[in-house]
Amino acid sequence: MTEKLLLYGGALQQAGAVRMKGEQRATQSDFMEMEQARGISISATVMSFDYNKLHVNILDTPGHQDFSEDTYRALAAADNAVMLLDAAKGLEPQTRKLFEVCRMRSLPLFTFVNKMDRPALSPYEIMDQIEQEFGLETFPVLFPIGDGERFKGVLDRMNNVVHLFDRGDRKSKAEVEQVPMSDLDTLRERIDDEELFEKLLEDQELLGELISPLDMERVMKGEQSPLFFGSAMTNFGVQLFLDKFCEMGTKPSGRLAKRKEEGKGKKAKEDANDGDDEADELISPDHGEFSGFVFKTQANLDPKHRDRLAYIRIVSGSFQKGMKVGHSRSKPGKKYNLAQAQTLFGSDRESVEVAYPGDVIGINNPGNFAIGDTLFTGNEKIAFPGIPSFSPEKFAYIRNPNPSSYKSFQKGIEQLLAEGAVQALRQRNDDGGGPLILAAVGQLQFEVVQARLKSEYNVDSDLEPIGYTLARWADGGWDAVDKADAAGKLFGIMIVQDRWGRPVLLFRNDWKAASVGEDEKYLELKPWSKPPMFE
């Protein structure tokens, strides 16, 4: 789908496929070797293009549930979300999980039902699934005419025009014929299927009577979703969707943040420890000073140079090449020179001099910038809320079997952890010398880490699974954990710490976690955790 949006946006001359066959070329968004080998997206990528006097940034996210954390981080930088459904399968488990992420972010949600060129569920059945599962009302904007081999095109309900498609080259733009609904004789002739023609007339009348009107205020609140049907593989309905999305989607919005004066010495220390980390002020795009946050880091985009990039979503002001910025977790007065920045198109990059709110830029990252960090100009320190980490469900010790490759192994682990490929846990008070525990949402994350260690750093690794199935952060702190442990309440529970030194409890099942959380409320157990806004 991403490739076809890029094709119609003019950014590509020919669209590719994730899993290549014959003469197909690789996708621009799924460029990693493992992505192309498995036919899935593993990491979120950024693609930008200009279309109809608008600048469009696509954050292409993994659809596999094992990589939902990467999707959440990308959604933190987005202003709109597109939910892609399989017309034959409807809502899948990972779709449900990702929808909850969109709801947490309060994003306007557009729904595209893909693969209508194959046998599909009834459009009404898909609409019912969305409403019953998510409590989300849909408004069909593009409604399908047939499915599978009989898929003829779509009805644009906003203009009462039928768009009929010619099945041509899958890599190029589709040929489209437009026929107004008022021209029934031409429609009957062009559809050339009496059953589908009668069904189209029936659907038009039924939808007009039963479906509530499109209300963009409700769409912006996440209460209603514009619904589109089409086929990315055969280019049916993709350009229509892009046109409608550009008309309906919201422009770059502001973000809530916490502001503090850049004090020094004793005052800075007092401010950092005041315990008030609630974002309470809206930083709008027209705010005079530059601000932005890191939502993703990536190592080895160019394997020849072993580079590292931090992806910045600009919230306010403008980026100027060579500008000096403050950093939410650095000492007061510390400035970083952004001497170089790039616009991103998958693994391709191009130098940029100026960028504006809503833009995503990549800056060189020698290790100073982490996911969730805020960069800013001005005399006030700004921090946007950190991007949460969610409860992992798989745990394993990772070890280096070859002492001679110690440095390469450590470098690889450090950089992959910085990307958020997996989470890292250690025993309490371990400053880095003890065994490292990797924590992941799904098994595929472990496989990706091991594959990248081998391909990008040329080191082997051994994994030893640990028999726990979920984690809970103890917001009550170490004193609360010690109290529960001394009382024998944490028997069979593994006590570890996260990268910030905060207590994390590992449980073998949901029942035990719920029982401890209910009986020992002072532990304040949470299934997610945000990094500190300031240090």
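Position 1 is the first residue of the sequence, and the numbers go up from there. Any value given below was found using the heavy atoms of this structure, including those in side chains, with hydrogens, waters and symmetry copies removed.
- The line from CE of Met116 to CZ of Phe165 is 11.5 Å long, rounded to the nearest 0.5 Å.
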- Query: Do Leu227 and Phe229 pass the side chain to side chain contact (heavy atoms under 4.5 Å, CB included) test, and can you show the C-alpha distance, the side-chain angles, and the key distance before you say yes or no?
  - Reply: CA-CA 7 Å; Leu227 178 63; Phe229 291 83; 3.6 Å; yes
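- Taking CD1 of Ile437 as the reference point, atom CG of Asp498 lies at 12.0 Å (rounded to 0.5 Å).
- For residues 414-424, the set of pairs meeting the salt bridge (charged side-chain N to carboxylate O under 4.0 Å, His left out) definition, not counting sequence neighbours, comprises Glu419-Arg452.
- The salt bridge (Lys or Arg N to Asp or Glu O under 4.0 Å) test applied to Lys530 returns no partner, not counting sequence neighbours.
- Geometric assessment of Arg157 against the ring of Phe139 yields a positive cation-pi assignment under the 6.0 Å and 45° thresholds.
- Each of Asn400, Leu425, Leu417 was compared with Leu436 under the side chain to side chain contact (heavy atoms under 4.5 Å, CB included) criterion, and only Leu417 meets it.
- Once rounded to the nearest 0.5 Å, the distance linking CZ of Phe228 with CG of Asn114 reads 13.5 Å.
- Remark: the backbone N or O of Arg259 is not paired with any side-chain donor or acceptor of Glu281 at under 3.5 angstrom.
- Take Ser225 and apply the side chain to side chain donor-acceptor pair (under 3.5 Å) test, not counting sequence neighbours, and it matches Thr111.
- Checked against side chain to side chain donor-acceptor pair (under 3.5 Å), Lys115 has the following partners two or more places apart in sequence or in another chain: Asp86.
- Listed by chain and number, the residues in a ring pair (Phe, Tyr, Trp, His ring centres under 6.0 Å) with Phe390 are Tyr72 (sequence neighbours excluded).
- In this structure the side chain of Phe293 never reaches within 4.5 angstrom of the side chain of Ile314, judged on heavy atoms.
- A donor and an acceptor atom, one from each side chain of Thr343 and Glu350, are nowhere located under 3.5 Å apart.
- Among pairs with a residue in residues 225-235, none fulfils salt bridge (charged side-chain N to carboxylate O under 4.0 Å, His left out), at least two apart in sequence or across chains.
- Residues Lys394 and Val441 form no side-chain contact, since every pair of their non-hydrogen atoms from C-beta on lies 4.5 Å or further apart.
- Side-chain contact, Asp373 with His327: a donor N or O sits under 3.5 Å from an acceptor N or O.
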- Query: For Leu438 and Phe446, what are the C-alpha separation, side-chain angles and deciding distance, and is it a side chain to side chain contact (heavy atoms under 4.5 Å, CB included)?
  - Reply: CA-CA 8 Å; Leu438 298 188; Phe446 290 153; 3.7 Å; yes
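- Remark: side-chain polar atoms of Gln445 are paired, donor with acceptor, to backbone N or O of Gly442 under 3.5 angstrom.
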- Please lay out, stage by stage, how Phe112 and Leu85 fare under the test side chain to side chain contact (heavy atoms under 4.5 Å, CB included). CA-CA 6 Å; Phe112 188 92; Leu85 302 183; over 6 Å; no
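- Rounded to the nearest 0.5 Å, atoms CG (Leu375) and NZ (Lys324) are 14.0 Å apart.
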- Decide side chain to side chain contact (heavy atoms under 4.5 Å, CB included) for Met158 and Leu214; before the verdict, give the C-alpha distance in whole Å, the side-chain angles of both, and the deciding distance to 0.1 Å. CA-CA 9 Å; Met158 306 301 288; Leu214 181 66; 3.8 Å; yes
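- Remark: the Thr250 side chain and the Asn80 side chain contain no N/O donor-acceptor pair separated by less than 3.5 Å.
- In the model, Ser253 has a side-chain atom that pairs as donor or acceptor with a side-chain atom of Arg255 under 3.5 Å.
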- Query: Going through the checks in order, is the side-chain hydrogen bond (donor to acceptor under 3.5 Å, both in side chains) test met by Glu289 and Thr377?
  - Reply: CA-CA 6 Å; Glu289 297 289 352; Thr377 60; 2.6 Å; yes
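- The side chain to side chain contact (heavy atoms under 4.5 Å, CB included) test with Val459 singles out one residue from Leu453, Asn402, Ile413, and that residue is Leu453.
- Listed by chain and number, the residues in a side chain to side chain donor-acceptor pair (under 3.5 Å) with Gln320 are Ser318 (sequence neighbours excluded).
- Between Ile371 and Arg73 there is a side-chain heavy-atom pair separated by less than 4.5 Å.
- Between Gly237 and Leu142, the closest heavy-atom pair is O-CD1, 4.0 Å.
- Residues satisfying the ring pair (Phe, Tyr, Trp, His ring centres under 6.0 Å) criterion with Phe409, sequence neighbours excluded, are absent altogether.
- A salt bridge (charged side-chain N to carboxylate O under 4.0 Å, His left out) check over residues 218-231, counting only residues at least two apart or in different chains, returns the pairs Glu137-Arg218, Arg218-Glu223.
- Closest of all the heavy-atom pairs between Val315 and Ile283 is CG1-O, 3.7 Å.
- Not counting sequence neighbours, the partners of Asp460 by the salt bridge (Lys or Arg N to Asp or Glu O under 4.0 Å) test are Lys454.
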- Stepwise, does the salt bridge (Lys or Arg N to Asp or Glu O under 4.0 Å) test hold for Lys251 with Asp79? CA-CA 7 Å; Lys251 294 178 180 178; Asp79 295 294; over 6 Å; no
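- For Gln443, there are no side chain to side chain donor-acceptor pair (under 3.5 Å) partners two or more places apart in sequence or in a different chain.
- A heavy-atom distance below 4.5 Å is found between the side chains of Val141 and Met248.
- Side-chain contact between Asn52 and Asp243: present, with at least one pair of heavy atoms (C-beta onward) separated by less than 4.5 Å.
- Side-chain contact annotation: Ser529 with Arg502, donor-acceptor N/O pair under 3.5 Å present.
- When side chains are defined from C-beta on, Asp280 counts as touching Lys258, because their heavy atoms get closer than 4.5 Å.
- Asp156 pairs by the salt bridge (Lys or Arg N to Asp or Glu O under 4.0 Å) definition with Lys244, not counting sequence neighbours.
- Relative to the six-membered ring of Tyr336, Lys334 meets both conditions, a distance below 6.0 Å and an angle of at most 45° to the axis.
- The line from CZ of Phe376 to CZ of Phe384 is 10.5 Å long, rounded to the nearest 0.5 Å.
- Note that CD1 of Ile58 and OG of Ser48 are 8.5 Å apart. Values are rounded to the nearest 0.5 Å.
- Looking only at atom types and distance, the side chain of Ser284 has a donor-acceptor partner in the side chain of Asp286 under 3.5 Å away.
- Contact check for Asn235 versus Lys4: side-chain heavy atoms found under the 4.5 Å cut-off.
- Phe245 has its ring centre less than 6.0 Å from the ring centre of Phe110.
- For Pro388 against Trp528, the heavy-atom pair with the smallest separation is CB-CE3, 4.3 Å.
- Here the closest non-hydrogen pair linking Ala87 and Ile126 is O-CD1, 3.8 Å.
- Scanning both residues, Pro252 and Pro285, for their nearest heavy atoms gives O-CG, 3.6 Å.
- Closest heavy-atom contact between Arg499 and Ala370: NH2-CB, 4.1 Å.
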